[in-house]
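Input: a single structure, listed below in structure tokens.
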Amino acid sequence: MGLFSLSRSRCFLSQLVPGLSALLHRQYSLSISSDLFRTQCFIGGRWVSAPSSFTVLDPATGTEIAHVSDCGPGEAEEAIGAAHTAFQSWKQHSAKERSVLLRNWYDLLIQNKEDLAKLITAECGKPMKEALGEVVYSASFLEWFSEEARRVYGDIVPSSAKNRKILVLKQPVGVCSIITPWNFPSAMITRKVGAALAAGCTVVVKPAEDTPLSALALAELAARAGIPAGVFNVVPCSREKTPTVGEVLCTDPRVGKISFTGSTATGKILLRHAAGTVKRVSMELGGLAPFIVFDSADLDQAVAGAIVSKFRNSGQTCVCSNQFLVQSKIHDEFLEKLGRAMDRELRLGHGFEEQTTQGPLINVRAAEKVEKQIEDAVTHGARVLRGGKRLEGSFMEPTLLSSVTTDMLCVKEETFGPLVPVIKFNTEEEAITIANSASVGLAGYFYSRDISQIWRVAEHLEVGMVGVNEGLLSAPEAPFGGVKQSGLGREGSKYGIDEYMDVKYMCFGGLSA
């Protein structure tokens with residue numbers, strides 16, 4: 001299936017990876033099953049062409065990968081209608097039936113993980129090793145919620161009246177609009193959709209315009225798994241049509257629930273849309289994750305945690321560390337060790353090359369944002385210890401800054417790129433004050449071997465998730481979500497399915513005492 005060539009790109013990475021000049025002139029074949037390379041929208045169990053299309057690009061080179069159907073409000077309404085019709089029968093399926101179908105879908109993801117990973121690398125840019133990891137992570141949510149589908153329990157509550165019984169039922173909310181980002185184009189869908197389908201809901205998915213191919217491949221596998229027509233629908237659209245399509249998905253009265261992962265600014269717009277019909281919402285929004293290293297920390301462990309927390313997907317994850325706070329006693333040693341680790345472990349290149357650990361940023365706008373933050377920091381006194389340069393296209397050198405202060409953009413704004421700004425602090429209270437000054441609170445990390453300090457800091461950090469001596473948080477068994485302006489609700493875990501359920505109280509009266 002299709003070749004896309006890097007021959008038009010210039011050799012701007014040769015200074016960083018020896019021999020890369022030759023690599024950039026190779027042709028990369030997706031070499032995947034044609035059934036998984038889908039470009040039409042998926043509505044009511046059918047592949048449907050929209051009147052127009054938009055282009056999907058390889059972010060490493062700007063090469064065209066595919067032309068995908070550009071859905072508008074009409075296709076979105078059609079998909080909602082299909083989901084609404086399918087909901088009437090899907091909610092009647094037994095929990096075991098839904099569980100079996102989700103398990104079938106999981107099995108198909110694992111069987112096709114190589115092809116799915118190639119799609120992720122092609123449209124998202126992340127290295128193949130990370131893309132394979134995402135497919136397994138994505139599948140794990142289908143496995144988890146296939147099991148949780150059979151564990152949706154109600155309650156029987158003791159009544160104060162002898163002639164009554166109080167029962168609590170859980171029922172699916174209905175059609176759910178699922179709006180997902182580009183940085184995890186497969187996993188962010190299954191984390192939401194797995195829970196929704198397990199609960200008995202149907203869905204309309206609007207994937208990010210940069211990465212629709214993964215969503216469409218998931219639709220093909222859902223159909224193969226036996227998930228009924230209309231239960232899972234996908235409406236890709238261009239950046240230009242996203243506002244109107246998003247408005248339909250958030251305002252149509254047939255939609256009972258919205259789940260969104262993306263920026264806080266966009267989340268606020270969707271919340272305003274949802275308010276008109278008082279819809280249920282889940283929002284996983286922006287973060288500004290602190291990464292705190294205390295004097296008592298194991299520095300080698302902290303450096304390893306910093307590498308995985310910051311540079312996974314080239315710094316483009318919702319829970320990437322953004323503010324690095326290092327206590328004064330170990331500050332210089334930490335910088336030295338982290339710099340050496342960056343030199344040793346990070347390699348820029350195309351995601352299909354085996355040695356690559358750092359792919360491109362998703363587009364030029366993303367690279368420009370990181371470049372702006374670096375320029376601002378240097379202007380205000382920061383020192384560049386590693387990297388610091390924007391390369392051609394959307395590639396950025398992994399960058400390490402010291403002498404960073406809290407008034408710099410890289411501390412106040414989410415970066416979403418490979419930038420490590422390090423702030424020196426003196427006391428625990430100072431670090432917590434800096435970390436908690438943000439208006440958002442998704443994830444936070446800290447390293448310490450002081451047990452009392454661990455409990456204090458974990459409780460005082462104003463975030464939804466805390467990594468203690470650990471830089472990688474995500475797991476299907478754990479609740480994912482934030483506090484403050486980082487969102488509403490939780491995904492994954494036993495709590496994730498509750499986001500898609502209504503609680504109904506039934507009073508059964510007139511009974512003989």
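In this structure a side-chain-to-backbone donor-acceptor pair under 3.5 Å is missing from T317 to N313. Formation of a donor-acceptor pair under 3.5 Å by the S394 side chain with backbone atoms of V364 is not found in this model. Side chain of K279 to backbone of V255: a donor-acceptor contact under 3.5 angstrom is found. D502 contributes no side-chain N or O that, together with a main-chain N or O of Q171, makes up a donor-acceptor pair within less than 3.5 Å. The main-chain N or O of A86 is found under 3.5 Å from a side-chain atom of S89 such that the two form a donor-acceptor pair. The backbone N or O of C410 sits less than 3.5 Å from a side-chain atom of N322, completing a donor-acceptor pair. Within the 3.5 Å criterion, the main-chain N or O of C201 finds a donor-acceptor partner in the side chain of W90. In terms of modelled atom types and a separation under 3.5 Å, the side chain of W105 and the main chain of A139 share no donor-acceptor contact. Judged purely by atom type and a 3.5 angstrom limit, N363 uses its side chain to pair as donor or acceptor with the backbone of A366. A donor-acceptor distance shorter than 3.5 angstrom exists from the side chain of E470 to the backbone of L472, with no hydrogens or angles considered.
To the nearest 0.5 Å, atom OG of residue S259 and atom CG of residue L488 are 10.5 Å apart. Going from atom CD1 of I497 over to atom CZ of F145 covers 6.5 Å, rounded to the nearest 0.5 Å. To the nearest 0.5 Å, the span separating CG on L116 from OG1 on T121 amounts to 11.0 Å. Rounding to the nearest 0.5 Å gives a distance of 9.5 Å between CD of E345 and CZ of R347. Rounded to the nearest 0.5 angstrom, L218 CG and L213 CG are separated by 11.0 Å.
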Would you please test Y447 and F291 for ring-ring contact (aromatic ring centres under 6.0 Å, His included) and show each step? CA-CA 8 Å; Y447 281 73; F291 187 101; 5.2 Å; yes
Before giving the answer on side-chain hydrogen bond (donor to acceptor under 3.5 Å, both in side chains), spell out for T266 and S263 the whole-Å C-alpha distance, their side-chain angles and the decisive distance to 0.1 Å. CA-CA 5 Å; T266 301; S263 72; 3.0 Å; yes
Working for side-chain hydrogen bond (donor to acceptor under 3.5 Å, both in side chains), residues S321 and S309: CA-CA 6 Å; S321 298; S309 173; 2.5 Å; yes
Could you check E499 against R280 for salt bridge (Lys or Arg N to Asp or Glu O under 4.0 Å), going step by step and ending with a plain yes or no? CA-CA 8 Å; E499 299 287 329; R280 292 274 295 275; 5.1 Å; no
Any chance you could lay out the salt bridge (Lys or Arg N to Asp or Glu O under 4.0 Å) test for R365 and E368, step after step, and finish with the verdict? CA-CA 5 Å; R365 293 187 305 278; E368 289 173 346; over 6 Å; no
Before you tell me yes or no, could you show the steps for K268 and Q485 under side-chain hydrogen bond (donor to acceptor under 3.5 Å, both in side chains), namely the whole-Å CA-CA distance, both residues' side-chain angles and the distance that decides it to 0.1 Å? CA-CA 9 Å; K268 291 177 179 179; Q485 293 188 41; 2.8 Å; yes
Stepwise side-chain hydrogen bond (donor to acceptor under 3.5 Å, both in side chains) check, S214 with S186: CA-CA 6 Å; S214 294; S186 180; 5.9 Å; no
Please assess E134 against K126 for the test salt bridge (Lys or Arg N to Asp or Glu O under 4.0 Å), listing each intermediate value before the final yes or no. CA-CA 10 Å; E134 178 180 345; K126 66 177 62 174; 2.7 Å; yes
Check the pair E462 / K484 against salt bridge (Lys or Arg N to Asp or Glu O under 4.0 Å), numbers first and verdict last. CA-CA 8 Å; E462 296 172 357; K484 300 197 282 191; 2.9 Å; yes
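One side chain, S49 or Q40, offers a donor N or O that lies under 3.5 Å from an acceptor on the other. A donor atom on one side chain and an acceptor atom on the other are not found under 3.5 Å apart for S99 and S146. A donor-acceptor contact closer than 3.5 angstrom links the side chains of H67 and T55. Donor-acceptor pairing under 3.5 Å is recorded for the side chains of Q373 and T415. Under 3.5 Å, the side chains of H350 and D58 contain a donor-acceptor pair of N or O atoms.
Close placement of the F416 and W182 rings is indicated, their centers lying within 6.0 Å of each other.
Counting all heavy atoms, side chain and backbone alike, V440 lies closest to S486 at CB-OG, 3.2 Å. Taking both residues in full, the closest heavy atoms of L473 and A443 are given as CD1-CB, 3.7 Å, listed atom of the first, atom of the second, then distance. A pairwise comparison of heavy atoms in L361 and P418 identifies CD2-CD, 3.8 Å as the closest pair. When all heavy atoms of E414 and C318 are compared, the closest pair comes out as OE2-O, 3.9 Å. Contact record, T202 with A83: OG1-O, 2.9 Å, taken as the closest heavy-atom pair. Closest non-hydrogen pair, F232 versus A222, comes out as CD2-CB, 4.1 Å.
Using the six-membered ring where Trp is involved, Y137 and F141 have ring planes that are perpendicular, over 60° apart on the 30 and 60° scheme.
Contact annotation: the side chain of D155 never approaches that of L167 to less than 4.5 Å [non-hydrogen atoms, C-beta and beyond]. Put simply, the side chain of T63 does not reach to within 4.5 Å of the side chain of L57, judged on heavy atoms. In this structure, V420 and F311 have side chains that are in contact, with non-hydrogen atoms separated by less than 4.5 Å. Here the side chains of V466 and Y445 are not in contact, with every heavy-atom distance at 4.5 Å or above. P212 places a side-chain heavy atom less than 4.5 Å from the side chain of V56. For the pair D115 and S31, the minimum side-chain heavy-atom distance is 4.5 Å or more. For the pair F260 and L285, the minimum side-chain heavy-atom distance is below 4.5 Å. Within the 4.5 Å cutoff, no side-chain heavy atoms of T356 are placed close to those of L348.
With respect to the salt-bridge test (charged N to carboxylate O, under 4.0 angstrom), the residues E148 and R98 do not qualify. Contact check on R103 versus E143 returns a salt bridge, with a Lys/Arg side-chain nitrogen under 4.0 Å from an Asp/Glu carboxylate oxygen. Salt bridge annotation for R224-E220: present, with a cationic side-chain nitrogen under 4.0 angstrom from a carboxylate oxygen. In this structure, R490 does not pair ionically with D498, as no charged nitrogen and carboxylate oxygen lie closer than 4.0 Å.
Within a 6.0 Å sphere centred on NZ of K113, heavy atoms belonging to other residues, nucleotides or ligands number 12 at most. Counting non-hydrogen atoms of neighbouring residues, nucleotides and ligands closer than 6.0 angstrom, the CZ atom of R151 exceeds 12 such neighbours. When the shell of 6.0 Å around OH of Y495 is examined, it contains 12 or fewer heavy atoms from other residues, nucleotides or ligands. By the 6.0 Å contact criterion, CD on E477 is enclosed, its count of non-hydrogen atoms from other residues, nucleotides or ligands being greater than 12.
Judged as a salt bridge (charged side-chain N to carboxylate O under 4.0 Å, His left out), the pairs with a partner in residues 178-197 (not counting sequence neighbours) are, in order, R191-E284, R191-E491, K192-E491.
A cation-pi arrangement, defined by a distance under 6.0 Å to the six-membered ring centre and an angle within 45 degrees of its axis, is absent between K310 and F324. Stacking of K257 on the aromatic ring of Y500 is recorded, both the 6.0 Å distance cut-off and the 45° axial limit being met.
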